[in-house]
Number of protein chains: 2
Amino acid sequence: MAAEPSAQGTTPELESRLSGPVRIVGVGLLGTSIGLGLRARGIEVVLADASPTVVSISSDLGAGRPAASGDRPQLIVVAVPPDVTAEIVARELADFPDAIVTDVASVKLQILQTLRERGADISRYIGSHPMAGRERGGPLSGRADLFVGRPWVVAAHDAISYKRASAIDDLILDLGATLVEMSPEEHDRGVALISHVPQVVSSLLARRLVDAPSAAVNLAGQGVRDVTRLAASDAELWVQILGANAAPVREILAAYREDLDRFIEALGDVDAPGARRRVAEEIAGGNTGVARLPGKHGIDKRFATMIVMVDDKPGQLARLFNEIGEIGVNLEDVRLEHSPGVQVGLAEISIVPEAVERLTTELVARGWRIAG
Amino acid sequence: MAAEPSAQGTTPELESRLSGPVRIVGVGLLGTSIGLGLRARGIEVVLADASPTVVSISSDLGAGRPAASGDRPQLIVVAVPPDVTAEIVARELADFPDAIVTDVASVKLQILQTLRERGADISRYIGSHPMAGRERGGPLSGRADLFVGRPWVVAAHDAISYKRASAIDDLILDLGATLVEMSPEEHDRGVALISHVPQVVSSLLARRLVDAPSAAVNLAGQGVRDVTRLAASDAELWVQILGANAAPVREILAAYREDLDRFIEALGDVDAPGARRRVAEEIAGGNTGVARLPGKHGIDKRFATMIVMVDDKPGQLARLFNEIGEIGVNLEDVRLEHSPGVQVGLAEISIVPEAVERLTTELVARGWRIAG
């Protein structure tokens, strides 16, 4: 797989400052993707993992060469499960006394505290967390561009010098990610809110489906599917993440429960004075909250959407996108919606608002039916 | 807009039994879509709405003609907001003593009870609920095919004869929907679970974002966007729906809160005996629950997904779909993912599993990069 140039047009910063390889410990999805991204920039990478099989897969994919005893890494990335991250970081700091070490675990404060307690040399450690991932894990899902355009948090602390920490900044920028500096506490509260609590909320809702009558489950539409999609996540990994970030997650869940209690109370007597107003306020509060989310899959107002009806057979979607290309309009996003067995699908396409009128006219002239 | 033939290949059942028009009261999204669907089958439709403007828009769209005083409808569909549905149904039953009346409100028991209490002639009324909708309301969003392949619940009760109720069955089948018979109680419990409670859970989570630091909100990825998408729903409508279905929603929310309480308690001391196991069980329970959901956007195991890297410029996606068409593989679903400003997008395509190997080989031979 060829790598893409960084979205930010950076030249490899890291290469110029390194006299030894980057060592990656743990070569699942994240470790392999980091290796692929660095190799694409010509940086020497050595790979280590508790599983030799995983190292050889990742190496075969082009993420680097297997680590050898004579390696003198200057930068080490620990990409192992959260539960063992502190231990492996401590070991790496001890084994390679000249190297700067980072990790990519999704919780940051507990790792730093554990390293402090163990007396590890944290003047060479700075934690980080790329906000990237895929539904499938493992080295085979690795991609050189996994981090392009994604936030990558650096969890700053006072014990490491600016000069040393900037090696991690260079690594992040080289991989095309957007550098975000936060304290470990800020990071952990942030991911509790936008990742860990949504996981819990989604899982607990999906649990309600376990014993539900099939007749009810069969009425499910897109709404409940969206809310419960995260509930398919790996339970073992989430026990580790939630265990390592229990306090901030608990705090937000407690506030959520207060809202829920008020909601349940209001539903207890909807004709009581103020009850309907309270329900309305909670739903309206949700409107306000969701509008704060960035990104195109939420309610991105930068793009307009159009729905085009497409016959459900080979070549039809091709013809549509072909003609949109001929018309010269760029698709920002596309989502196909149809029910199994039904002969017509709906392609919901996102484009810049300026292009809507022209594209509508041109598509209709070419015989397409615009459904909305 | 031309109508699609019904997915179930039915011929118009309704037309053969009607000697008068179908009257639609309330011509927003659902009323207009029903009108469009019936008109496409050659059935005479007359439209009524509190707003003459809305009637003229819907009529101009082809959903039927404005109702006139001499109309003798045999079938009446009431498609008004939940809060006024019972009142309008009662009025229609009184005004048209020969007509069968249905409504399409999303809660069923309260309407039937109100009609009983008012002494309305429920031997000519049977409620129904199409599980279809769109994010945008209003007649302009109406579509003749809105109901194709979607479940449409008929809320059966004992006071109407089979013969009379079957007119509604014919209406539903003519519109291409899948007929589902349930009691009003079963329906209301079902939609509480798969529609109303997910709405509440999503809104309450989104509320947590209102006062969150921007730095945290900016870390948001697809997960939280999915869980909170419903939170953008109309507050006024939801107050009506939740108010009309308070008891079943409250019951499920109470069970949800019990799980939440246990979860919060387990997070209070994650090192206590059994705490991690309890967290794991809740997440694993979510795995089991979400696996029960039907449909392709959940975790539909009938289709395999492939991720293809696509340059973000006009014509590239067209070329991809064109070539997939040439290869002769049908796309079951497609989702494009890319970050703004980044030059490479990822097209996640769903196809039948048998086609994966061949499509991969052919696409790679044509120079595409498969990312997973």
Side-chain angles (χ1 to χ4, degrees), chain A residues 4 7 141 143 149 190 193-194 198 201-207 209-210 216-217 219-220 223-232 235 238-239 243 246 250 253 259 264 267 270 279-280 283-286 288-290 292-293 297-298 314-315 317-318 321-322 325 330 334 336 339 342 344 371, chain B residues 4 7 149 190 193-194 198 201-207 209-210 216-217 219-220 223-232 235 238-239 243 246 250 253 259 264 267 270 279-280 283-286 288-290 292-293 297-298 314-315 317-318 321-322 325 330 333-334 336 339 342 344 371-372:
Chain A
E4 290 305 313
S141 298
R143 295 198 330 243
L193 179 66
I194 60 93
V201 162
S202 179
S203 292
L204 293 181
L205 177 62
R207 253 184 74 99
L209 300 171
V210 173
V217 172
L219 298 179
V224 65
R225 286 191 196 111
D226 283 341
V227 186
T228 57
R229 194 179 62 83
L230 282 181
W238 276 97
V239 172
R250 197 165 182 262
L253 284 179
D259 289 346
I264 291 173
L267 288 182
V270 283
V279 170
I283 305 283
T288 308
V290 73
R292 294 196 64 203
L293 289 177
H297 289 291
L317 208 55
F321 290 117
N322 220 5
N330 193 24
V334 62
L336 194 68
S339 305
V342 172
V344 179
Chain B
E4 292 305 313
L193 179 67
I194 62 91
V201 161
S202 180
S203 292
L204 293 181
L205 178 62
R207 254 186 72 98
L209 300 171
V210 173
V217 173
L219 298 179
V224 66
R225 285 191 197 110
D226 284 341
V227 186
T228 57
R229 194 178 64 81
L230 282 181
W238 276 97
V239 172
R250 196 165 183 260
L253 284 179
D259 288 347
I264 291 174
L267 288 182
V270 283
V279 170
I283 305 283
T288 308
V290 73
R292 293 195 65 202
L293 288 178
H297 290 288
L317 207 56
F321 289 117
N322 221 2
N330 192 23
D333 198 1
V334 62
L336 195 67
S339 305
V342 173
V344 179

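Chain letters run A, B, ... following the sequence lines, proteins first and then strands; every chain starts at 1.
Within the model, atoms CZ of B/Arg292 and CG of A/Leu209 stand 7.5 Å from one another, a figure rounded to the nearest 0.5 Å.
The two residues A/Ala216 and B/Ile194 have their closest heavy-atom pair at O-CG2, 3.5 Å. The two residues A/Ala235 and B/Ala280 make their nearest non-hydrogen contact at CB-O, 4.1 Å. When all heavy atoms of A/Ala220 and B/Leu293 are compared, the closest pair comes out as CB-CD2, 3.5 Å.
Only the side chain of B/Leu230 comes within less than 4.5 Å of a heavy atom in chain A; its backbone stays farther off. Both the backbone and the side chain of A/Leu253 come within contact range of chain B, each with at least one heavy atom under 4.5 Å from a heavy atom of that chain.
When each of B/Val270, B/Asp259, B/Val279, B/Leu193 is checked for heavy-atom pairs under 4.5 Å with chain A, B/Asp259 comes out on top. Per-residue counts of heavy-atom pairs under 4.5 Å with chain A were compared for B/Ala284, B/Gly325, B/Gly285, B/Gly286; the largest is that of B/Gly286. The most heavy-atom pairs under 4.5 Å with chain A, out of B/Thr228, B/Val239, B/Ile264, come from B/Ile264.
When atom types are taken as modelled, the side chain of A/Ser202 and the backbone of A/Val227 share a donor-acceptor pair closer than 3.5 angstrom.
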